[in-house]
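Position 1 is the first residue of the sequence; numbering continues from there. One-based numbering, in listed order, for ligands and for the atoms of each.
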Amino acid sequence: MEICDLTLTEALNGLDKKEFSSQELVQSCLQRIDQVEDQLNSFITVTAELALKQARKADRLRSQGEKMALLGIPVGIKDIFCTKGIETTAGSNILKGYIPPYDATVVDRLKKAGAVIIGKLNLDAFAHGSSGENSDFGATRNPWNLEYVPGGSSSGSVAAVSAGECLFSLGTDTGGSIRLPASFCNLVGLKTTYGRVSRYGVIAMASSLDCPGPLTKTVEDMAKVLKIIAGPDHLDSTSLLDKLGQIRLNKTDLKGLKIGVAEELYPSQDQEEKTDADNIGLNEDVCLIVDAAINQLKKLGAEIKRISLPHTKFAVAAYYVLVPSEISSNLARYDGIRFPYSNRSGKNFWDIYTDTRGHGFGREAKRRIMIGTYTLSSGYYDAYYEKAQRIRTLIKRDFEKAFKKVHLIVAPTSPTPPFKFGERISDPLKMYLSDILTVSANLAGIPSLSLPAGFDRRGLPVGIQLMGPHLGEELLLQVGYAYQQTTNWHKQKPDLAVNG
Ligand code: GLN
């Protein structure tokens, strides 16, 4: 075990007690990057020199008694967040070479809290995907087994933390891109309430759903990072004014807490007749693990109640109308004029336009642009976009009603454990169905926390998610914390061969 394998909380203690310096911590991560990047491909850009410089500064400040919350801690940033002076690609050829003149608000907040940026992390291009295979910079591999996908779209963000290349990372969750990869790589991932964390400087996928958030090794680490990045931002007009208060991780039991299990997200297994929920395609090992997690919550004192979220069956369909609609509008700005891709010398406008959009966008972005253009076009708008918006409202109401009966809802994060490379990439519908359990929280705008909950028979990680009411982050973290106090899943580490 090296210091790069510590949790954020442990590393902060070690720094405080002068057991090691931030420079040593950063060196340890850089060494791990050297050892495993050939296998994983988590990073698009490693900012080694800059990180060492920031670490030296952090050490100096700490010796002067400075108490910034994340002082000297190495963080990896999904390459969809703008970073001043550091190339930001969104995983797409069309943005290759783009160096933003400003920092995303969350990046700015992390820097101001003293965190050290160690690099920009790989992702499915423009965050379109569930496996990490859709990156123009090559797929990322799962540190738990290199033949399997790490989950997407925050693929590099999970592989890097799980393998000790950085202590925590930032991701984005539009339809599950934080939670799904967290569950595939044994990490804690939080999709916050929409508007809780600023989107300013995050390259837009679907603006009404995009939620930036952290990926960490423990719930305790999660609370520390959330505290820094959450809160109002005048640069994002959809950011909420509500301030996140103190997050008190003080629950050791869950007495008095009602947790719902929705028939549509996790059907009861004793049912004789087939229902819509049986179409989820739940894997047997996932069910065993989720049952065990529910039992654990019960043991901690929670009361488990069966509930219903009747419109869940329409969630994926509505999501894959709304999201491409917003994507077709957001990606229209990459018109080949302002953003680089090709060598432009000697080319006329039309060549640049077709060359840039034609080659710069991959198949998935083009597919979504075309679907979205169709669903928004006159004559089809009512039939598709507007109808999907109505479904969105119904899904939101389902949750509002449910949260009158229970405090939280528990469900599997993904219907299956990690899958193999190539298994779904050529079948978009199959890939889209990976999101069947995560998209509802995005459509409803509510927070959801994915937690490590066990391993399947091949030794691959499986996660559960806890969904909470609007602005219910503190409760989610409290329950997640109580769960982690009595389980050891989050402490398991991948057995990755380190080269050199
Ligand atoms: N897999 C989903 C999609 O492709 C979610 C992506 C995301 O959350 N960024 O749309």
Problem - Closest non-hydrogen atom pair between Pro212 and Asp210, with its separation - result: CD-O, 4.1 Å

Practice task
Look only at interatomic distance and state if Ala127 has a nitrogen or oxygen under 3.5 Å from any nitrogen or oxygen of ligand 1.
Solution key: yes

Exercise for the section: May I ask you to check if ligand 1 and Val323 share an N or O to N or O distance below 3.5 Å? Expected result: no

Handout entry: Close-contact set for ligand 1 against Ser153 heavy atoms, below 4.0 Å
Key = 9 (N)

Handout entry: Main-chain N/O of Val286 paired with Asn283 side-chain donor or acceptor, under 3.5 Å
Key = yes

Problem - Taking every non-hydrogen atom, the tightest pair across Ala444 and Phe399 - result: CB-CD1, 3.6 Å

Exercise for the section: Identify the protein heavy atom lying closest to atom 3 (C) of ligand 1, giving its residue, its atom name and the separation to 0.1 Å. Expected result: Tyr320 OH, 3.1 Å

Problem - Polar proximity ligand 1 side, Arg368 side, N/O cut 3.5 Å exclusive - result: yes

Exercise for the section: Output yes when a side-chain donor or acceptor of Asp435 lies under 3.5 Å from a complementary backbone atom of Gly176, and no otherwise. Expected result: no

Exercise for the section: Search all heavy atoms of Leu451 against all heavy atoms of Gln484 and return the closest pair with its distance. Expected result: CD2-NE2, 4.1 Å

Exercise for the section: Please work out whether the ring planes of Phe361 and Tyr334 are parallel, tilted or perpendicular, with thresholds of 30° and 60°. Expected result: perpendicular

Completion exercise
The closest protein heavy-atom partner of atom 9 (N) of ligand 1 is Ser177 OG, 2.8 Å

Exercise for the section: With Arg141 as the cation and Tyr148 as the aromatic partner, state whether NZ or CZ is under 6.0 Å from the six-membered ring centre and within 45° of the axis. Expected result: no

Problem - Gly176: numbered ligand 1 atoms lying under 4.0 Å from its heavy atoms - result: 8 (O)

Exercise for the section: Could you list the atoms of ligand 1 found under 4.0 angstrom from a heavy atom of Asp435? Expected result: 1 (N), 2 (C), 3 (C)

Practice task
Ignoring angles and geometry beyond distance, decide whether Asp173 reaches within less than 3.5 Å of ligand 1 through its nitrogen or oxygen atoms.
Solution key: no

Practice task
Kindly confirm or rule out an N or O of Thr174 lying under 3.5 angstrom from an N or O of ligand 1.
Solution key: yes

Handout entry: Polar proximity ligand 1 side, Tyr319 side, N/O cut 3.5 Å exclusive
Key = yes

Problem - ligand 1 contacted by Tyr432 (non-hydrogen, < 4.0 Å) - result: no

Exercise for the section: Report, as yes or no, whether the 6.0 Å neighbourhood of atom NZ on Lys84 holds more than 12 heavy atoms from other residues, nucleotides or ligands. Expected result: no

Exercise for the section: Record the part of Met205 in heavy-atom contact with ligand 1 below 4.0 Å; permitted values are side chain, backbone, both and neither. Expected result: side chain

Practice task
Could you tell me which atoms of ligand 1, counted from 1 in the order shown, lie closer than 4.0 angstrom to a heavy atom of Gly175?
Solution key: 5 (C), 7 (C), 8 (O)

Practice task
Anything under 30° is parallel, anything over 60° is perpendicular, the rest tilted; go ahead and classify Tyr432 against Tyr320.
Solution key: parallel

